[in-house]
Q: 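Sharing a structure here in structure tokens format.
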Amino acid sequence: MDLPANRGRWRRRSARSNVPLLVAVLLLLLPASLLLSSAYSSLLRSLLPFSASPSPSSSGGGVQRCGRSAELDGEKFLWYAPHSGFSNQVGELRNAAVAAALLNRTLVVPPVLDHHAVVLGSCPKFRVSDPADLRAAVWDHAMQLLRERRYVSMGDIVDLSPAKALVRTIDFRVFVSLWCGVDMRKTCFSGLCCAVSGGESSPSDYGRCRSLLSGLEGSESSGCVYPVQDDCRTTVWTYQENNDGTLDSFQPDEELRRKKKISYVRKRKDLYKGLGPGSKAEDATLLAFGTLFSGPYKGSESYFDIHESPKDHRIQTVLEKTEFLPFAPEIMAAGKEFAKSTIKEPFLCAQLRLLDGQFKNHWKSTFSALKDKLKALEMEMKRNKSGGPIHMFIMTDLPPANWTKTYLADIAEDEKYELYTLKENEVLQTAEKLMAAEHGLRSGFFPKIAESSNEDCHPVQLPEILLYVEESVCSCASLGFVGTAGSTIAGSIETMRMNNVCKL
């Protein structure tokens, strides 16, 4: 309390006659101070939710609590700033799960961000957003989703159960509600979420939480948050490679150094040594990364190069379990049902990305791959003397109204092919079942009051899950798959097919 700190400020007075009076005053004030101390302490904590306060479990008073809720005492967390499209966000989630398991931290599972709502930049060109800015951008977009009632957790869409026994998780809504004391009920669809994401909060609480989670305003010195500032310009994270601190094989070339005035040097760093036991980050309650996206480039990885760990069986298991994370059961079931009840026949899936980013300039090569596949199927049917049309499921970002004078219009009018597509209104019932299931909350930590609470909710909007159900349909295509070269969506479908997720 304040007494030990202020005791040295008292000064002896020479007048002896004041001593009895002083003793009497202290005796009168002592009972009142004891009665008020608890209430005053609670009031102070409510006014200053992010100031360190003694943990109830600490006998010596040396252990500090970061945040409001005692339910989080003793836990250490990891969160990060996802970006770009959904497939990139899934890749970051997998890397984050590995990092959380390796550092023995609970992973904070973020929301699904709108396509390119947060943008990283280019690692190969050494032009990326600062990690703190990325974290702030993710917070700002999450609050936009909250205001517009469009929030959906990555844990609602992606099935985290394969890694549940190896990686502890907590939903972002629950974490910021408990840790920051902010009201997140506008992100909820059903009663369980409302019960565990509530709380009285003011606008300033949201601002403090943004600052804290972003690593702004010197959060590192508070001991609560350690903001990781190493990004893909300077760092490639590794594990157990015995090359900590060595230069990475990919460096900016001389032209780029001169043109952009780049002084960066990329080094390979051991994640466990740099951010685990014995590091500056060890005692922080929250370890906050920027992006955790990574991809191969010129013989190296852009940021996160941990793909196997033969020396560490537990981490090797985590890597294997997170290499593929399927969609939630409701999404997978909807895809299988469409293949089984609507298409009914063996079919080909064509994923044609034509409008987004670089893909709008590569229509010719995209359609060429489909033409080649259809010719091969036609020849096979002739050899087998099988009749009937080739059944084909089309998933594309080009609306049917704009198919005119394209190869899609040609095959749609050709009797040799029977085409199938999905529309957003055809998956609304699946979206409602998905949100009602609340997988994002149930897959991780949530407060003890959850089982006995079921508050009324004003539900968020149903998420747009058409893309996910389309991918699920494509995983069932027994005649094969044709995807747009370079598309992460195509890569996701290929992974689903390799893992045999559809068994009709």
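From a predicted model like this one, the values you see are computed outputs, not experimental measurements.
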Q: To check you understand the geometry: which heavy-atom pair defines the closest contact between Ala350 and Met392, and what is its length?
A: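 Of all heavy-atom pairs spanning Ala350 and Met392, the closest is CB-SD, 4.3 Å.
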Q: If I take atom CD from residue Gln89 and atom OH from residue Tyr80, how far apart are they, to the nearest 0.5 angstrom?
A: 8.0 Å
Q: Please find the pair of heavy atoms, one from Asp244 and one from Asp270, that lie closest to each other, and give the distance.
A: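 Smallest interatomic distance, heavy atoms only, reads OD1-N, 2.8 Å.
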Q: Would you say Thr322's side chain and Val318's backbone share a donor-acceptor pair under 3.5 angstrom?
A: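 Between the backbone of Val318 and the side chain of Thr322 there is a qualifying donor-acceptor contact (under 3.5 Å).
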Q: Locate the shortest heavy-atom distance separating Leu213 from Cys180; write the atom from each residue and the value.
A: CD1-SG, 4.1 Å
Q: Side chains of Val152 and Val460: does their closest heavy-atom pair fall under 4.5 Å?
A: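 Val152 vs Val460: side chains apart.
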Q: Do Glu470 and Thr421 have side-chain heavy atoms sitting under 4.5 Å apart?
A: no
Q: Report the distance from atom CZ of Phe189 to atom OG1 of Thr187, rounding to the nearest 0.5 Å.
A: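 It comes to 13.0 Å.
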Q: Check whether any side-chain heavy atom of Phe324 lies under 4.5 Å from a side-chain heavy atom of Met496, and answer yes or no.
A: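 A side-chain contact exists here, since the closest heavy-atom pair is under 4.5 Å.
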Q: Please check this pair: side chain of Glu424 against backbone of Glu464, looking for a donor-acceptor N/O pair closer than 3.5 Å.
A: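 Absent.
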Q: side-chain contact (heavy atoms from CB on, under 4.5 Å) between Gln351 and Glu471: does it pass, once the steps are laid out?
A: CA-CA 9 Å; Gln351 178 261 338; Glu471 290 188 32; over 6 Å; no
Q: To the nearest 0.5 Å, how far apart are CD in Glu75 and CD1 in Ile170?
A: 8.0 Å
Q: Say whether Asp356 and His115, considering side chains only, have a donor N or O and an acceptor N or O under 3.5 Å apart.
A: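 Per modelled atom types, Asp356 and His115 side chains form a pair under 3.5 Å.
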Q: So do the side chains of Leu319 and Ser309 get within less than 4.5 Å of each other, counting heavy atoms only?
A: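 Yes, at least one pair of side-chain atoms sits under 4.5 Å.
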Q: Counting the benzene-type ring for Trp, do Phe393 and Phe481 have ring centres under 6.0 Å apart?
A: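 Ring-ring flag for Phe393/Phe481: false, centres at least 6.0 Å apart.
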Q: Would you indicate whether the side-chain heavy atoms of Val90 and Ile157 approach each other to under 4.5 Å?
A: no
Q: I'd like to know if the side chain of Arg233 reaches the main chain of Arg127, judged simply by a donor and an acceptor atom lying under 3.5 Å from each other, with no hydrogens or angles considered.
A: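 Not confirmed, Arg233 side chain does not pair with Arg127 backbone.
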Q: How about OH on Tyr264, more than 12 heavy atoms from neighbouring residues, nucleotides or ligands closer than 6.0 Å, or not?
A: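 Atom OH in Tyr264 is not packed in, count stays at 12 or less.
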Q: Verify, without hydrogens or angle tests, whether Asn499 (side chain) and Val501 (backbone) share a donor-acceptor contact under 3.5 angstrom.
A: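 Not confirmed, Asn499 side chain does not pair with Val501 backbone.
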Q: Look only at the side chain of Arg257 and the backbone of Pro252, and say whether a donor-acceptor pair between them is shorter than 3.5 Å.
A: yes
Q: Measuring from atom CZ of Phe289 to atom CZ of Arg135, what distance do you get when rounded to the nearest 0.5 angstrom?
A: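 The CZ atom of Arg135 is 9.5 Å from CZ of Phe289, to the nearest 0.5 Å.
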Q: With a 4.5 Å heavy-atom cut-off, do Met395 and Cys474 have their side chains touching?
A: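 With C-beta onward as the side chain, the pair touches.
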Q: Using only heavy-atom distances, determine whether the side chains of Arg353 and Ser487 contain a donor-acceptor pair under 3.5 Å.
A: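 Present: a donor and an acceptor within the cut-off.
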Q: Is it the case that more than 12 heavy atoms not belonging to Lys321 sit under 6.0 Å from its NZ atom?
A: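 Atom NZ in Lys321 is not packed in, count stays at 12 or less.
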Q: Looking at Gln316, is its backbone amide N or carbonyl O close enough to the side chain of Glu308 to form a donor-acceptor pair, meaning the two atoms are under 3.5 Å apart?
A: no
Q: Using the ring centroid of each side chain, check whether Phe172 and Trp79 are separated by less than 6.0 Å.
A: yes
Q: Answer yes or no: are there more than 12 heavy-atom neighbours, outside Lys336 itself, under 6.0 Å from its atom NZ?
A: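 Yes, because the 6.0 Å sphere around NZ of Lys336 holds more than 12 heavy atoms from other groups.
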Q: Between Leu166 and Arg314, what is the shortest heavy-atom contact and its length?
A: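 Closest pair (atom of Leu166, atom of Arg314, distance): O-NH1, 4.1 Å.
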Q: Run the side-chain contact (heavy atoms from CB on, under 4.5 Å) test on Glu92 and Ser84 for me, step by step, so that the C-alpha distance in whole Å, both residues' side-chain angles and the decisive distance to 0.1 Å come before the verdict.
A: CA-CA 10 Å; Glu92 289 185 88; Ser84 299; over 6 Å; no
Q: Can you see which heavy atom on Pro131 is nearest to which on Val228, and at what distance?
A: CB-O, 3.5 Å
Q: Mind checking the CD-OG1 spacing from Glu432 to Thr430? Nearest 0.5 Å is all I need.
A: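 Answer rounded to 0.5 Å: 10.0 Å.
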Q: Does a donor on one side chain sit under 3.5 Å from an acceptor on the other, for Tyr303 and Asn95?
A: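 The criterion, which ignores hydrogens and geometry beyond distance, is not satisfied for Asn95 and Tyr303.
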Q: Rounded to the nearest 0.5 Å, what separation is found between the CD1 atom of Ile390 and the CD atom of Glu378?
A: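 Atom-to-atom, Ile390:CD1 and Glu378:CD are 5.0 Å apart.
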Q: Using only the SG atoms, decide whether Cys502 and Cys476 are less than 2.5 Å apart.
A: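 Yes; the two sulfurs sit under 2.5 Å apart.
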Q: For the ring pair Phe347 and Tyr420, is the centre-to-centre distance below 6.0 Å?
A: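 Centroid separation for Phe347 and Tyr420: 6.0 Å or greater.
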Q: Do the side chains of Glu301 and His307 get nearer than 4.5 Å, heavy atoms only?
A: yes
Q: Hey, is CD on Glu323 packed in by over 12 heavy atoms from elsewhere, all under 6.0 Å?
A: no
Q: Is Thr396 close to Trp403 at the side-chain level, that is, under 4.5 Å between some pair of heavy atoms?
A: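 Trp403 reaches Thr396 side chain to side chain.
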Q: Ignoring hydrogens and angles, tell me if any N or O in the side chain of Ser190 forms a donor-acceptor pair with the backbone of Leu192 under 3.5 Å.
A: no
Q: Any donor and acceptor pair, going by atom type alone, linking the side chain of Arg173 with main-chain N or O of Ser153 inside 3.5 Å?
A: no
Q: Between Phe367 and Trp363, how do the two ring planes meet: parallel, tilted or perpendicular, split at 30° and 60°?
A: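 The arrangement is perpendicular - the two ring planes meet at more than 60°.
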Q: Please lay out, stage by stage, how Arg168 and Asn104 fare under the test side-chain contact (heavy atoms from CB on, under 4.5 Å).
A: CA-CA 9 Å; Arg168 302 186 306 276; Asn104 196 26; 3.2 Å; yes
Q: Please report the closest heavy-atom contact between Cys232 and Ser302, naming both atoms and the distance.
A: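 Shortest heavy-atom contact: CB-O, 3.1 Å.
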Q: Please check if the side chain of Arg266 supplies one atom and the backbone of Phe250 the other of a donor-acceptor pair under 3.5 Å.
A: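 Confirmed, Arg266 side chain pairs with Phe250 backbone.
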Q: Starting from the C-alpha separation in whole Å, work towards a yes-or-no answer on side-chain contact (heavy atoms from CB on, under 4.5 Å) for Leu370 and Leu348.
A: CA-CA 10 Å; Leu370 178 57; Leu348 169 74; 4.3 Å; yes
Q: Has the side chain of Ser279 got a donor or acceptor atom that lies under 3.5 Å from a matching backbone atom of Gly276?
A: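 Yes; at least one donor-acceptor contact below 3.5 Å.
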